[in-house]
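Notes follow the structure.
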Protein chains: 2
Amino acid sequence: MNTGDKTAGTTYTISQLAREFDVTTRAIRFYEDQGLLIPERVGRRRIYARRDRTRLKLILRGKRLGMTLGETRELFDLFDSSRDEARQLERFLRILGERRDILVQQQRDIEAVLHEINAAAAECERLLAEHAEPSPQDPAGPTVPA
Amino acid sequence: MNTGDKTAGTTYTISQLAREFDVTTRAIRFYEDQGLLIPERVGRRRIYARRDRTRLKLILRGKRLGMTLGETRELFDLFDSSRDEARQLERFLRILGERRDILVQQQRDIEAVLHEINAAAAECERLLAEHAEPSPQDPAGPTVPA
DNA sequence: AAACAGATTGACGTATACGTCAATCGACCG
DNA sequence: CGGTCGATTGACGTATACGTCAATCTGTTT
């Protein structure tokens, strides 16, 4: 019989995850301290399941977007929380909406910065072209024209 | 004659900027400590020009994107730096490219999170609809059908 | 059995980004 | 001329997110 089966599945050691996502084991343990990861234990050793791996991926994605671990944790808790009361569902929707507003603002910010970067890069390359060929009106440069 | 003219223009006090951008004066002074703002002085008082106001706007936009003040400062310095040597232009282009890569990655991350949020929100609203009307197959709910 | 690689648990240190007083100073107000 | 308001300068405190040892433990290999 299967009674007591832990539905084993793929598992990872802390250093496997550290290598895969290019973070230190110290960081991974810290995420556990903050309640973001809850690995199983075999003795004292941590065993990470796919769920933890997914969460780690989400943590790092959140960090790339400037989210604090606390904010990421709030979202994790939200997705874990029971979804049977209208009060909770409304709170859920409210927080999702707040996060969406932030993301949309970030999209606008990124667009703006990208435009400025592209403009600067374009002028930069124009100047570099001038350096290579001092003046298009003056072919008597220090470099051989052909 | 205009000799000695400081091209006065619009100026701001620290509290005006603080109000406009909803930050504390402490934060603005901290940005100055970090070399991001360089206001004029009248006696000991800081006088901010449009340039500083623009920079403050950029600082806050950077923060919304998770940039550190150091990274923002590097970009400021870059845009201020002389653009007459090929070495500098290439360095300029390299850093702009790195920042662009980060921004593009952030765009991808935002897309992913937005999709997940939208999916969760949609299911959330479906559940809320069920709460209001327990079951479409079972009109004998606690609420009056019509 | 000894050695070695990995993992764990403290514990303290560090960088970033301000918050929070306290004391002081200068300009205007009545 | 005392009071108040805004600004300034220290100086210390705080939250976040780990880094960096040191000591210990455990499993495996030789």
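Naming: A, B, ... by sequence-line order, numbering from 1 per chain.
To the nearest 0.5 Å, the span separating CG on A:L128 from CG on B:L89 amounts to 4.5 Å.
Residue A:T68 places its side chain closer to D:dA17 than to any other of D:dA17, C:dT8, D:dG6. With C:dC18, D:dA7, C:dT9 as the choices, the nucleotide that has an atom nearest any side-chain atom of A:R29 turns out to be C:dT9. Candidate nucleotides C:dG19, D:dT9, C:dA17 were compared by shortest atom distance to the side chain of B:T24, and C:dG19 ranks first. Comparing D:dT16, C:dA7, D:dC18 by their closest approach to the side chain of A:R45 singles out C:dA7.
One can place CZ of B:F30 at 8 Å from P of C:dT16, the figure rounded to the nearest angstrom. Atom CZ of A:R46 is separated from atom P of D:dT26 by 15 Å (rounded to the nearest Å). With rounding to whole Å, B:R73 atom CZ is found 12 Å from C:dT16 atom P. For the pair A:R26 CZ and C:dA11 P, the computed distance is 13 Å after rounding to whole Å. Protein atom CE of B:M67 is 17 Å distant from nucleotide atom C1' of C:dA15, rounded to whole Å. Atom pair B:Y48:OH and D:dA7:P shows a separation of 10 Å (rounding to whole Å applied). If you take OH of A:Y31 and P of D:dA17, they are 8 Å apart, rounded to a whole angstrom. Between the CZ atom of B:R44 and the P atom of C:dA27 there is a distance of 11 Å, rounded to whole Å.
Mapping A:S15 and B:I28 onto DNA chain C via the closest heavy atom, the residue that lands nearer the 5' end is A:S15.
Cation-pi contact between A:R53 and A:Y48: absent, since separation from the ring centre below 6.0 Å together with deviation from the ring axis within 45° is not met.
A:I47 pairs in a side chain to side chain contact (heavy atoms under 4.5 Å, CB included) with only one of the listed residues (A:T13, A:I14, A:D52, A:V42), which is A:V42.
A sub-4.0 Å separation between OP1 or OP2 of D:dT8 and a side-chain N or O of B:T25 is absent. Between C:dT9 and A:R41, a contact under 4.0 Å exists linking OP1 or OP2 to a side-chain N or O. Under 4.0 angstrom from either OP1 or OP2 of C:dC18 there lies at least one side-chain N or O belonging to B:K63.
Nucleic acid contact for B:T13: sugar-phosphate only, since backbone atoms but no base atoms lie under 4.0 Å from a heavy atom of the residue.
Counting heavy atoms of neighbouring residues, nucleotides and ligands inside a 6.0 Å radius, atom CZ of A:R87 does not exceed 12 of them. Heavy atoms from other residues, nucleotides or ligands lying under 6.0 Å from CG of B:D22 number 12 at most.
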